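Just so it is clear, the structure is predicted and the values come from calculations on it, not from any experiment. As the structure lists them, so they are numbered: ligands from 1, and atoms in each ligand from 1. Note that these values count all heavy atoms, side chains included, but never hydrogens, waters or copies made by symmetry.
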Amino acid sequence: MTAYEMAKAEYAAYGIDAEAALDTLRGIPVSVHCWQGDDVVGLDGGGAASGGIQTTGNYPGRARNFEELKADIAKAFSLMPGTKRLNLHASYAILGKGEADRDAYRPAHFAPWVQFAKEAGAAGIDFNPTLFSHKNVKDGLTLSSPDERIRAFWVKHCIACLRIAEYFANEMGTYCMMNIWIPDGFKDIPADRLGPRLRLKRSLDEILQTPYDREKVIVSVESKVFGIGVESYTVGSNEFYQNYAAKNGICCLLDNGHYHPLEYVSDKIPALLAFYDRVALHVTRGVRWDSDHVVLFEDELREIAKEIVRNDAVGKVMIGLDYFDASVNRISAWVTGQRAVQKALLSALLLPNERLKALQDGARFTELMVLQEACKTLPFGAVWKEYLRRQGLAEEYLGEIETYEKAVLEERRA
Ligand code: RNT
Ligand code: ZN
């Protein structure tokens, strides 16, 4: 018997079907962000990330242009198991010299990405307007700016992005999730907390008034508790966006780096599932403040995965990655994080979820505790390795990344 066959039998003794878990996992899409490859710099000349987000580290080999970024994404994809979507930011538009500002981006500016996504075998494209790293972020504000010219510019940008998102959906034959995150806020104590939020509300209304196909484009809004230089007040707070989304039939995106340290996204998912058809995620690793550390196979990630799996919310919870680490090899970071999410999903699929729920409902807490503990030492690793093996992959991937580093990344020093 192989290690997998033995593991399968062990799981079966708990009523868990390892084969079914492997099949389900294979089909769960994870949206892989393009911005891990270049420290969120983008291709439209905006420069290093601003607006309270920041990459730390200076590992050699950052992708400096479209060709390099495509090569790195392709390399990363080749080492990632499962179904991958590609998540793009508007700042990755492919423009001619001085061609258009962000309020005038068009689908044509993203046609090369569509071609690449198809070649790379992506199952879809997701999209994000980019409301940072731009001269029109005035006094740290965008959609909530009191300057009408600035506010209108960003409204136009988001409307332009709706068109592009629709184009992605049509081209890829699947929905496009379009997530709006803005950096707006204040470093110091605000004199007016309501005014900026009313302006943000008006801006969102103006954006969403634009007719778009709601089947094809799923709009989400991403809240944040604070950012660097935006410590005292964030316009797009959790309460603001949850109410806005609920009243306007759009979706909330939860980024697990965006809450107070003792708030858990794993607990927020089921709260939202009681009200929303869909919930979007940015899976990150919040280390005290949101610095978007590489996602690891840790407790909170496993809890998040459990909430997706045991609530029958695969397909309702749209999983996207959002980390940008420049302190280690960026491609390795990409793969490590994506695999961590896959592992967490697999570990949740390999639980006797119905039995555990029945024990809770029957108030049989002693048995529940014992069974939950027993599950923790089931031979998960053997099933994971089998998952990889069936896709021509192995646990070890660093060798290949090191080869790529030597042959490709180190050449970029020149
Ligand atoms: C920033 C948000 C946002 C960004 C990306 C690049 O705090 O998490 O999602 O990380 O849009
Ligand atoms: Zn995010």
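- Among the heteroatoms counted here (N, O or S) of Asp322, OD2 is the one nearest to the Zn ion (ligand 2).
- Checked by atom type, the side-chain pair Thr284/Asp322 shows no donor-acceptor distance below 3.5 Å.
- Relative ring orientation between His89 and Trp35 is described as perpendicular, the plane-to-plane angle rising above 60° on a 0-90° scale split at 30° and 60°.
- Among the atoms of Glu222, an N, O or S atom falls under 2.8 Å of the Zn ion (ligand 2).
- Residue His258 touches ligand 1 through its side chain alone, judged by heavy-atom distances below 4.0 Å.
- Put simply, His258 stays out of reach of the Zn ion (ligand 2), with no N, O or S atom under 2.8 Å from it.
- Aromatic rings of Tyr241 and His258 (six-membered ring for Trp) have centroids beyond the 6.0 Å cut-off, not under it.
- Remark: the His33 side chain and the Asn128 side chain contain no N/O donor-acceptor pair separated by less than 3.5 Å.
- At under 3.5 Å, not a single nitrogen or oxygen of Asn179, backbone or side chain, sits near a nitrogen or oxygen of ligand 1.
- Checked by distance only, ligand 1 and Glu222 come closer than 3.5 Å through their nitrogen or oxygen atoms.
- Under a 4.0 Å criterion applied to the non-hydrogen atoms of His282, ligand 1 contributes the atoms 9 (O).
- A cation-pi arrangement is found for Arg85 relative to Tyr175, the charged atom lying closer than 6.0 Å to the ring centre and inside a 45° cone about the ring normal.
- Between Asn128 and ligand 1 there is no heavy-atom distance shorter than 4.0 Å.
- When each of Phe127, Phe66, Tyr105 is tested with Trp113 by the rule ring-ring contact (aromatic ring centres under 6.0 Å, His included), just one qualifies, namely Phe66.
- Rounded to 10 degrees, the OD2-metal-ND1 angle spanning Asp255 and His282 at the Zn ion (ligand 2) equals 110°.
- From Glu386, atom CD reaches atom CD of Gln391 across 10.5 Å, with rounding to the nearest 0.5 Å.
- Numbered from 1 in the order shown, with element, the atoms of ligand 1 that lie under 4.0 Å from a heavy atom of His89 read 5 (C), 6 (C), 11 (O).
- Atom CG of Asp361 sits in a crowded spot, with more than 12 heavy atoms from other residues, nucleotides or ligands closer than 6.0 Å.
- The ligand atoms of ligand 1 that sit less than 4.0 angstrom from a heavy atom of Ile53 are 1 (C), 7 (O).
- The distance from ligand 1 to the heavy atoms of Phe324 drops below 4.0 Å at these ligand atoms: 10 (O).
- For ligand 1, the atoms lying closer than 4.0 Å to a non-hydrogen atom of Lys224 are 1 (C), 7 (O).
- For Phe380 and Phe297, the gap between ring centers is short of 6.0 Å.
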